[in-house]
Protein chains: 2
Amino acid sequence: MTTTTPGPSASRTARDRARLELTEEIKAVGRRHLAEHGASGLSLRAVAREVGMVSSAVYRYFPSRDDLLTALIIDAYDAVGECAEAADAAARDRGVAVRWLNVCEAIRSWALVNAHEYALIYGSPVPGYAAPEATIGPASRVPLVLLRLLADGVTSGEVVAGDTPPMSRVVRSDLALLRRTAAPSVPDAVLSRAFGVWAQLLGTINLEMFGHLHNTIHDYDAFFTLQMRRASEFLVQAG
Amino acid sequence: MTTTTPGPSASRTARDRARLELTEEIKAVGRRHLAEHGASGLSLRAVAREVGMVSSAVYRYFPSRDDLLTALIIDAYDAVGECAEAADAAARDRGVAVRWLNVCEAIRSWALVNAHEYALIYGSPVPGYAAPEATIGPASRVPLVLLRLLADGVTSGEVVAGDTPPMSRVVRSDLALLRRTAAPSVPDAVLSRAFGVWAQLLGTINLEMFGHLHNTIHDYDAFFTLQMRRASEFLVQAG
DNA sequence: GGTTGTCAAGAGCAGTGCTCTCGAAACTTG
DNA sequence: CAAGTTTCGAGAGCACTGCTCTTGACAACC
């Protein structure tokens, strides 16, 4: 078999294939450990044990524990991003407010199922950890859904600009850059509201998931929907 | 000296005093280590080394590392709570919106200075950690500031109820309990908005502190003020 | 004075991230 | 095909962690 490989075309040698497979297996086991014991409970030695090799061998694939964690963080961003994109697409023919509400519910559902991965990307970062460049792409997927949605709403006339609050020159240029990059013709007032709604989404999920609503709110589902419905109405129409 | 102690009235013996002092010293060193290396970098052994005793001796004062962490968490809640109360008191003669804006700015400032402690209480909880009963009191101080402020605004007529959004029976009873406990005569519509504003405050600080605005927002101060100003206007007047 | 309770210290266990070396296997090149 | 090179897994080892148990000394009480 290996003697008749089609040459250096597809992932080259058997060794390269084995390397890719093992990298994936390590990541898979790591993801399971992460889901079960949390980020700080992710032990390279334990993962190695389960994969069936000695700990030092894992370092051939991930140069440090943090690098394994980074790979899992990227996967998590991609998972929640794909989730948000799917939720938006599923309601593409509805109004902007409904689409955003759908995205909110999808993100929360994902967070509830993958609690530790959510905490990993939207909770406090691990202590000495600085997010490498490779994460910013996947991390942008969810915000991009929101921006695309707003751009649609502006062209369709669904989103009302309303009064533009006074803002500093620097903030105005930040918003201008954002508009140029990802949200053509979305006015500053709407972009500013979008940040508020985005912060409120993450804040509400955090309140629930990190226990700050304990003994206060009991019907989490209804509470979240209530909050996000108000927020998405606020998003499309200035108060 | 110790022979003429006034008897078993004030903290009894010299040993008890030494115990209290050492407990405080351990906590102080722990707080410094926490601020410097983060929660997961809080090493009981390192703290012991710096206090000048062997690690096992520390266990006489805190039965486990998590117990030391709990003590620090309570202190952090108290610190930010006191900070919020002071900010509210400093603007007591201003309007409700200004008072809340003041509280928001104060909490953010505290978070920027005490980043790791903020992450400890408002970021993702440490993995296996379940907040013990003793934390719920101090944790309530900031929300109580918001609720008291709203109660003031309702009696003074500053806060407009607006339309009450439809909500489930359970959520209504949650809000009723909250009203009975800490915010007399604040209507459901206002309480519901308060959760939104509270979530938005924490969400905005989290976005900034956990790096999600990197390369997007550059003037963090102005951005935060912009967002919170809108939020506090929204709080007092229904959209 | 003798008893009792408290305390710091030390040794030790099981676990961690990470580094280094070594031999064997797989691949590349002459 | 054979020699040389790269890659890989295994093992030992270092410095560290949280935590437990035992030992000996000191202070507090009867």
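So you know, we letter chains A, B, ... as the sequences are listed, proteins then strands, and number each from 1.
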- With sequence neighbours left out, write down each residue that passes ring pair (Phe, Tyr, Trp, His ring centres under 6.0 Å) with Tyr77(B), or none if nothing qualifies. none
- Record whether the side chain of Ser56(B) comes under 3.5 Å of the base of dA8(C) through a donor-acceptor pair of N or O atoms. no
- Task: Quick one: label Phe62(B) by what it contacts on the DNA or RNA (base, sugar-phosphate, nothing), any heavy atom closer than 4.0 Å.
- Result: nothing
- Can you give one letter per nucleotide of nucleotides 13-18 of chain D, going 5' to 3': B for a protein heavy atom under 4.0 Å from the base, S for sugar-phosphate only, - for none? B---BB
In whole angstrom, what separates [X]'s [atom1] from [N]'s [atom2]?
X        : N       : atom1 : atom2 : value
Arg17(B) : dA28(D) : CZ    : P     : 10 Å
Met53(A) : dA12(D) : CE    : C1'   : 18 Å
Ile26(A) : dG9(D)  : CD1   : P     : 8 Å

- Message: Please tell me if Arg19(B) has a side-chain N or O lying less than 4.0 Å from either OP1 or OP2 of dT6(C).
- Response: no
- Out of dC20(C), dA9(C), dA8(C), whichever nucleotide has its closest atom nearest the side chain of Arg60(B): dA8(C)
- Query: Counting N and O atoms only, with roles assigned by atom type, does the side chain of Arg65(A) sit under 3.5 Å from a partner on the main chain of Leu44(A), one being a donor and the other an acceptor?
  - Reply: no
- Item | Residue pairs, two or more places apart or on separate chains, that pass salt bridge (charged side-chain N to carboxylate O under 4.0 Å, His left out) and touch residues 109-120 of chain B | none
- Message: Regarding Ser124(B) and Ser124(A), do their side chains bring together a donor and an acceptor under 3.5 Å, going by distance alone?
- Response: yes
Taking only N/O atoms, report every protein-nucleotides 23-26 of chain C pair under 3.5 Å with atom names and distance.
none

- Item | Worked check of side chain to side chain donor-acceptor pair (under 3.5 Å) between Ser64(B) and Asp67(B) | CA-CA 5 Å; Ser64(B) 82; Asp67(B) 286 273; 2.7 Å; yes
- Message: Take a 6.0 Å sphere around NE2 of His214(A) and say whether it holds more than 12 heavy atoms from other residues, nucleotides or ligands.
- Response: no
Can I get a per-line list of side-chain donor-acceptor pairs under 3.5 Å for residues 195-211 of chain B, giving both atom names and the distance, sequence neighbours left out?
from: Thr204(B); atom 1: OG1; to: Gln200(B); atom 2: O; distance (Å): 2.6
from: Asn206(B); atom 1: OD1; to: Tyr118(B); atom 2: OH; distance (Å): 2.8
from: Glu208(B); atom 1: OE1; to: Arg108(B); atom 2: NE; distance (Å): 2.9
from: Glu208(B); atom 1: OE2; to: Arg108(B); atom 2: NH2; distance (Å): 3.0

Please set out all donor-acceptor pairs under 3.5 angstrom arising from side-chain atoms of residues 26-36 of chain A, sequence neighbours excluded.
from: Lys27(A); atom 1: NZ; to: Asp75(A); atom 2: OD2; distance (Å): 3.4
from: Arg31(A); atom 1: NH1; to: Asp75(A); atom 2: OD2; distance (Å): 2.7
from: Arg32(A); atom 1: NH1; to: Glu50(A); atom 2: OE2; distance (Å): 3.1
from: Arg32(A); atom 1: NH2; to: Glu50(A); atom 2: OE1; distance (Å): 3.3
from: Arg32(A); atom 1: NH2; to: Glu50(A); atom 2: OE2; distance (Å): 2.4
from: His33(A); atom 1: NE2; to: Glu50(A); atom 2: OE1; distance (Å): 2.9

